[in-house]
Every structure is written in structure tokens, then in C-alpha cells.
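Take a look at the structure set out below.
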Amino acid sequence: MGIFDRLTGKKPEKSQTMGEERAVPRHIAVIMDGNGRWAKKRGLPRKAGHKVGAETFRTIATYCKDIGVQYFTVYAFSTENWKRPQDEVDALMNLFRTYLREAAETMVKRGVAVRVLGDLSVLPADIRQQIDEVHALADTLGEQAATASLCINYGGRDEIKNAVRALAREVREGRLEPDAITEDSISAHLYTAHMPDPDLIIRPSGEVRTSNFLLWQSAYSEYYFTDVLWPDFSTRDMDAAIDNFNQRSRRFGGV
Ligand code: IPE
Ligand code: IPE
Ligand code: MG
């Protein structure tokens, strides 16, 4: 039995690489790291790295859809990234401003529904408005479409805290018994409520940590680390990550 059969009980998706059939994970997530170092190496401002990194997102998300990955989720801006110098935060917000809707339009044409996850309440109003438009576009594709999710002002601990607050409110209002809270009901209160947990989480740029990404959802994810900086990350690097993933034995605590 293959890893996917064991996990989902479903037949794995097949993709073609160099004429060979291979299984692809249902949900791949990426910590898009290394933009600043990519720019520094070239004597460019950090924001130049973010711009190229945004294009890499579009390329890799579309590639994932083409090879049969159902969910592709990336970390674009963490709840901790507000600590960066104001000019870098401004540059990132400006990038979301100029890029989000335009990218979503081109990606929807390729069959990829773009969604934004995170605490969006503190984002500038014009960006929130664009995100609403991006979600309306995604809705035109229907539920079976491949989904690319951008996590913005996302933090794993913040997400769990918000879920706990929502559940606590339900208890206070008498709509939920504390003992009726299950792992599934916690999952259902996360931003990723309608997705399976990630099978594979990729972190480029040489760092080997989660930096607060998908803490609850990654309980049994396979991690793949590479020194490639995100703006340089190519479809070949994605193939290498998937091939590596396919060599692993996922036991989920069993034998
Ligand atoms: C990732 O690249 C993008 C964001 C965190 C917004 P970085 O900006 O962290 O790039 P490095 O790690 O400094 O190279
Ligand atoms: C993680 O990268 C966040 C994103 C990629 C959006 P960071 O560059 O912020 O992480 P640390 O600071 O190296 O842990
Ligand atoms: Mg970084």
C-alpha cells in the first residue's frame, strides 16, 4: 500500500515527469524564505527579493496544480514579520497591493483558486478589499479546483489562540460542552478548516525551523529543507522535494 492510500484511503494522483508516473502529495506547504539574502547577494534592496519571490509563488503554485497537487499553501508574512524595519513592511504591503489581485486573475485562468489565510483584520483596508475580490474570483472556480493559499499575518500560535477563543465563546453561550471539544473541532476552527493537513512542508534558504507555521496542522507532515533561496526555487526543486517525499515511510505512529 502506498503512502497516500494509507493516509487518505484514496488512489494517489499521478503526474508525469520525464515520462514516469509518480504520486504527488495532496497538500504541499512552503515557508517562502530567503528573499532578503537573494537580494543581498546581488547588491539589490531586500524588496527586490520579495518581488522575485512573489513571481516564484505564481510559477510554483501553477506548476503544483498542473501536476495534480490539490492544495498548495505558502507562508508569505508572519505575525512576527511586523517587527521588521517599517520600510520593509511597507514594501511588502505594497507588493500585496500591486500583486495579489493581478496574480489571482492570471492563476484563476489556469484553474488555481487563490485564497488568503491569516488574521486579515489588521491589514490596510484597500488590501482587505482586494482580498475579498480575490476570494470572489476563487469562488467562481467551484469546490473541486486546486487551491493556492497565501498566509498573510499568519501565526500558528495566534491561529490556535483564536480557535480557543471561539470555542470558549461557544461554551459560555451554552452551545458546546467542554468535553465535546475534539481534535476535529479544533481543526475546524483554524484558517485551514476545509483542507487536509499538509503532507509535505518545504523550507528553502537553509533555515531548519518552523517559524510558527501550521503548528497544529503539521503534526504528521514530512519536512523537506533545502539551501536554495526561494526566488531561485524552480519546478525542478519542487520535483526533487516530491521525489524525496515519495521515498519516505509515513507511519503515523503505527508500524
Ligand atoms: C521571506 O524572505 C519573506 C518574508 C519573511 C516576508 P526573508 O525576507 O525572510 O529573507 P531572508 O531570510 O532575510 O533571506
Ligand atoms: C518565516 O520566515 C516567515 C515567512 C517566510 C513569511 P522568517 O524569515 O520571518 O523566519 P525567521 O525569522 O528566520 O525564523
Ligand atoms: Mg527569512
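Both ligands and their constituent atoms are indexed starting at 1 by order of listing. Note that the numbering runs from 1 along the sequence shown for the chain.
Counting heavy atoms under 4.0 Å from ligand 1, residue N81 touches it through the side chain alone. Contacts with ligand 2 closer than 4.0 Å are made by backbone heavy atoms (N, CA, C, O) of F77 only, the side chain lying farther away. At a heavy-atom cutoff of 4.0 Å, ligand 2 is contacted by no atom of C151, backbone or side chain.
Here is the list of ligand 1 atoms found below 4.0 Å of a heavy atom in R37: 11 (P), 12 (O), 14 (O).
Given atom 5 (C) of ligand 1, the protein heavy atom at minimum distance is R84 NH2, 3.3 Å.
For the ligand labelled ligand 1, residue A76 lies inside the 4.0 Å heavy-atom shell.
Closer than 4.0 Å to atom 7 (P) of ligand 2 lies at least one heavy atom of the protein.
Aromatic rings of F57 and W230 (six-membered ring for Trp) have centroids beyond the 6.0 Å cut-off, not under it.
With distances taken over non-hydrogen atoms, the option nearest atom 14 (O) of ligand 2 out of G34, G155, S211 is S211. Checking R209, M32, R203 against atom 2 (O) of ligand 2, the nearest heavy atom belongs to R203.
For a distance threshold of 2.8 Å, the protein N, O or S atoms nearer than that to the Mg ion (ligand 3), listed by chain and number, are D33 OD1.
When only interatomic distances are considered, the shortest N/O to N/O separation between S78 and ligand 2 does not fall below 3.5 Å. Taking distance alone, with nitrogen or oxygen atoms compared against 3.5 Å, E207 stays at or beyond that limit from ligand 2. Every N/O-N/O distance between Y75 and ligand 2 stays at or above 3.5 Å.
Every residue two or more places apart in sequence or in another chain that forms a salt bridge (charged side-chain N to carboxylate O under 4.0 Å, His left out) with D126 is listed here: R97.
Taking 4.0 Å as the cut-off between side-chain N and carboxylate O, D197 and R26 do not count as a salt-bridged pair. The pair K161-D158 counts as a salt bridge, with a side-chain nitrogen and a carboxylate oxygen less than 4.0 angstrom apart.
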Do D199 and H27 pass the side chain to side chain donor-acceptor pair (under 3.5 Å) test, and can you show the C-alpha distance, the side-chain angles, and the key distance before you say yes or no? CA-CA 5 Å; D199 302 293; H27 185 174; over 6 Å; no

